[in-house]
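Side chains are part of it too, since the values below use all heavy atoms of this structure and drop only hydrogens, waters and symmetry mates.
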Amino acid sequence: MAAKRSMITFATDPETKERIRSYAEAAGADVSTYVMAAVGVAMAHDDQVARTFAPLDDLIAETEAQDATTGRPPEEHGQDSVPDAEREEISASLDAFFGSSTRHRGVA
């Protein structure tokens with residue numbers, strides 16, 4: 001028994017349609033098979049990206065949940081979360097590195 005099939009229709013300009021057709025022909029496939037193969041590759045790539053970043057996404061969600069329990073939005077943490085002495089040390093290190101005595105955005 002053949003699997004049920006469903007149709008997808010999309011619109012494109014004539015030049016792109018012709019390019020797709022010529023690429024499909026060069027690959028020895030009909031347009032539908034060629035497009036579905038390209039879509040499969042794109043979806044596999046997206047799945048891999050999602051798997052790669054899942055641990056980071058989980059960490060971000062956990063951090064956001066912790067921020068929610070403090071009652072302060074994350075943007076309020078800023079400089080308040082870095083002690084003054086440490087902030088000055090960071091600023092001095094940046095000054096030494098960049099050869100400048102100017103203050104750096106977000107540091108002090």
Legend entry - Neighbour count above 12 (heavy atom, 6.0 Å) for Glu18 CD: yes
Inset, instruction - Kindly compute the distance separating CE (Met36) from CG (Asp30), expressed to the nearest 0.5 Å. - result: 11.5 Å
Inset, instruction - Classify the side-chain pair Gln48/Thr52 by whether it contains a donor and acceptor separated by less than 3.5 Å. - result: yes
Inset, instruction - Rounded to the nearest 0.5 Å, what's the gap from CD on Glu15 to CD1 on Ile20? Could you check? - result: 11.5 Å
Legend entry - Nearest non-hydrogen partners of Tyr34 and Ala29, listed with the distance: N-CB, 4.3 Å
Inset, instruction - Tell me whether Phe53 is reachable from Met43 by hopping between hydrophobic residues (I, L, V, M, F, W, Y) whose side-chain heavy atoms are closer than 4.5 Å. - result: no
Legend entry - Heavy-atom donor-acceptor pair, Ser91 side chain to Arg87 backbone, under 3.5 Å: no
Inset, instruction - Dump the intermediate steps for salt bridge (charged side-chain N to carboxylate O under 4.0 Å, His left out) on Glu25 and Arg21, then the final yes or no. - result: CA-CA 6 Å; Glu25 185 179 291; Arg21 192 206 56 72; 2.7 Å; yes
Inset, instruction - Verify the neighbour count for atom CG of Leu56: are there more than 12 heavy atoms of other residues, nucleotides or ligands below 6.0 Å? - result: yes
Inset, instruction - Kindly work out whether a path of hydrophobic side-chain contacts (I/L/V/M/F/W/Y, heavy atoms less than 4.5 Å apart) joins Val39 to Phe10. - result: yes
Legend entry - Distance, nearest 0.5 Å, that separates CG of Asp95 from CD1 of Ile90: 12.0 Å
